[in-house]
2 protein chains.
Amino acid sequence: MKAGTDLAQIGSLVGDPARANMLAALMGGTALTASELALEAGVALPTASAHLAKLSDGGLVSVARQGRHRYYALADHRVAAMLENIMGVAATLGPKRVLPGPRDKAMRDARVCYDHLAGEMGVAMLDSFIGRGLIRVDGERAEMSSAGASYFAGLGIDLDAMGRKRRPVCRTCLDWSVRRSHLAGGLGAAMLECILTRGWARREKDSRVIRFTPMGRREFEMMLRG
Amino acid sequence: MKAGTDLAQIGSLVGDPARANMLAALMGGTALTASELALEAGVALPTASAHLAKLSDGGLVSVARQGRHRYYALADHRVAAMLENIMGVAATLGPKRVLPGPRDKAMRDARVCYDHLAGEMGVAMLDSFIGRGLIRVDGERAEMSSAGASYFAGLGIDLDAMGRKRRPVCRTCLDWSVRRSHLAGGLGAAMLECILTRGWARREKDSRVIRFTPMGRREFEMMLRG
DNA sequence: AAGATAGTTTGCTTATGATCGAAGTATGAA
DNA sequence: TTCATACTTCGATCATAAGCAAACTATCTT
């Protein structure tokens with residue numbers, strides 16, 4: 001009875017097409033303004049504003065005012081993980097995904113999940129880190145070994161600064177396409193940034209897809225092998 | 001755009017209070033008839049019937065006709081995991097849970113998740129199995145070591161029969177109260193059954209709570225220590 | 001057979017909430 | 001100050017779907 005109320009509250013927030021499209025857009029990780037989200041959802045601005053107010057009240061998104069703009073983002077990595085999870089169920093349940101199109105294939109290969117790398121390449125990356133003893137995993141929680149600390153510092157990641165933030169450094173996130181875990185948390189975000197700044201890959205316009213260049217992919221795989 | 005449609009479809013199924021209550025009731029793991037679910041959701045039978053048809057069409061629940069009864073159950077362990085996940089987000093986001101009441105405390109301690117043990121005791125159990133090398137975990141997937149096989153067989157669990165079913169033997173499931181993994185899959189179900197048939201614990205009426213007897217808890221902890 | 005129980009279907013009412021135009025507020029630019 | 005941009009609030013409309021009573025179907029009981 002009571003448990004159902006909680007479920008219904010979140011479900012109804014996600015259950016409206018316009019809001020669902022907004023949330024899906026925000027899964028890309030970048031904060032978006034109300035106007036951009038209105039466009040994304042295909043509704044007029046007042047409508048979008050009302051939806052965003054609901055999402056905000058419900059705690060699914062956070063707002064940051066910057067001058068006359070309002071930047072919306074997913075509230076939490078947990079919200080992102082929940083949405084990924086729902087998408088995963090939809091993918092298996094849905095009215096028989098026929099052949100996965102090329103777009104889906106790219107999504108499965110590498111995509112942004114909130115602010116870190118997901119898809120097969122994300123899973124492969126975490127696998128490699130675990131296999132080389134850089135990270136230990138325990139459920140959703142994970143931690144870096146001392147070997148890991150020196151390794152990631154060597155990649156130019158500022159672990160001290162990361163440790164001072166409230167956000168956990170190591171986290172895992174269930175990948176809907178592969179049904180295995182990939183790396184999330186501050187370190188996951190830093191790794192994605194690292195991949196993008198080195199030019200190994202770039203984000204596809206208006207989508208969550210990450211396209212590796214042939215050379216970038218080689219470099220990435222070399223990194224995984226140590 | 002497309003991604004949002006999938007989200008919205010599932011979200012709207014979960015988003016209706018009556019349906020959410022039904023799903024919450026089905027999280028208890030036992031299959032329920034349409035009448036029972038109507039009662040649980042607080043709606044008339046025709047209304048419940050319509051809701052169940054939608055849930056069934058949407059693939060969230062499965063139906064098994066038995067004479068003039070229709071037994072409804074969650075379609076899948078993934079659906080169960082998704083609902084747990086949503087509840088977890090609701091719990092952290094919700095209008096600040098004040099003090100967790102005694103009921104919540106019992107839920108956090110030990111409860112049924114679909115058909116296996118969840119809560120702190122479920123997490124402790126999986127921890128123990130991993131620590132003793134009986135099970136290896138990799139994301140949502142998990143597998144039993146040979147040491148594990150002989151150990152579980154020694155508890156009287158029929159692993160051969162389990163292996164013949166389509167259902168995976170070892171699976172992990174994210175625990176919303178602890179945010180760590182507990183054991184699911186066929187083995188998880190068998191372990192819960194084992195705990196109940198030995199009288200270590202019993203299910204609380206009309207709830208997902210599992211109450212360990214003082215003696216049962218001691219026995220359980222002894223088992224975890226090996 | 002006649003009843004009883006379990007569930008679905010139909011037809012109708014009602015209410016919720018999604019939508020947008022128009023007007024209002026706040027911030028930045030000229 | 002004046003205008004423009006970004007967004008919210010208000011007010012009204014409209015569509016969807018949740019709800020139930022009554023009638024129908026199917027299965028079990030006697």
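Order of the sequence lines fixes the chain letters, A, B, ..., with proteins taken first and strands second; residue numbering starts at 1 for each chain. When reading the values below, keep in mind they use all heavy atoms of this one structure, side chains included, and skip hydrogens, waters and symmetry mates.
- Put simply, B:R68 has no side-chain N or O that comes within less than 4.0 Å of OP1 or OP2 on D:dT25.
- B:A106 and B:R211 make their closest contact through CB-NH1, 3.8 Å (heavy atoms, listed as atom of the first residue, atom of the second, distance).
- In A:R141, the CZ atom is not crowded: 12 or fewer heavy atoms of neighbouring residues, nucleotides or ligands sit closer than 6.0 Å.
- Of all non-hydrogen atoms in A:L37 and A:A25, the two that sit nearest each other are CD2-CB, 4.3 Å.
- Residue B:S35 has no polar side-chain atom (N or O) positioned under 4.0 Å from OP1 or OP2 of C:dA6.
- Between B:S35 and B:L45, the shortest heavy-atom distance links the atoms CA-CD1, 3.7 Å.
- Side-chain nitrogen and oxygen atoms of A:R70 include none within less than 4.0 Å of the OP1 or OP2 phosphate oxygen of C:dA26.
- At the heavy-atom level, A:Y71 lies nowhere under 4.0 Å from the strands shown.
- No side-chain donor from either of B:S207 and B:R111 sits under 3.5 Å from a side-chain acceptor of the other.
- Non-hydrogen atoms lying under 4.0 Å from DNA chain C are contributed by A:H51, A:K54, all within residues 48-56 of chain A.
- The shortest distance between the side-chain N/O atoms of B:R19 and the OP1/OP2 oxygens of D:dA18 is below 4.0 Å.
- If you measure from atom CZ of B:R65 to atom P of D:dT25, you get 15 Å, rounded to the nearest angstrom.
- Residue B:P46 places its side chain closer to D:dC20 than to any other of D:dC20, C:dG21, D:dC7.
- Going from atom CG of A:L45 over to atom P of D:dC10 covers 16 Å, rounded to whole Å.
- Atom-to-atom, NE2 of B:H69 to P of C:dG7 comes out at 6 Å; the value is rounded to the nearest Å.
- Put simply, CG on A:L13 is 17 Å from P on C:dT16, counting in whole angstrom units.
- Between A:H116 and A:H182, the ring planes lie tilted relative to each other; the angle falls in the 30° to 60° range.
- At whole-Å resolution of the value, CD in A:E36 and C1' in D:dC7 are 13 Å apart.
- Taking atom CG of B:L39 as the reference point, atom P of C:dT5 lies 17 Å away to the nearest angstrom.
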Item to check | Worked check of side chain to side chain contact (heavy atoms under 4.5 Å, CB included) between A:V112 and A:M27 | outcome: CA-CA 8 Å; A:V112 176; A:M27 283 293 288; over 6 Å; no
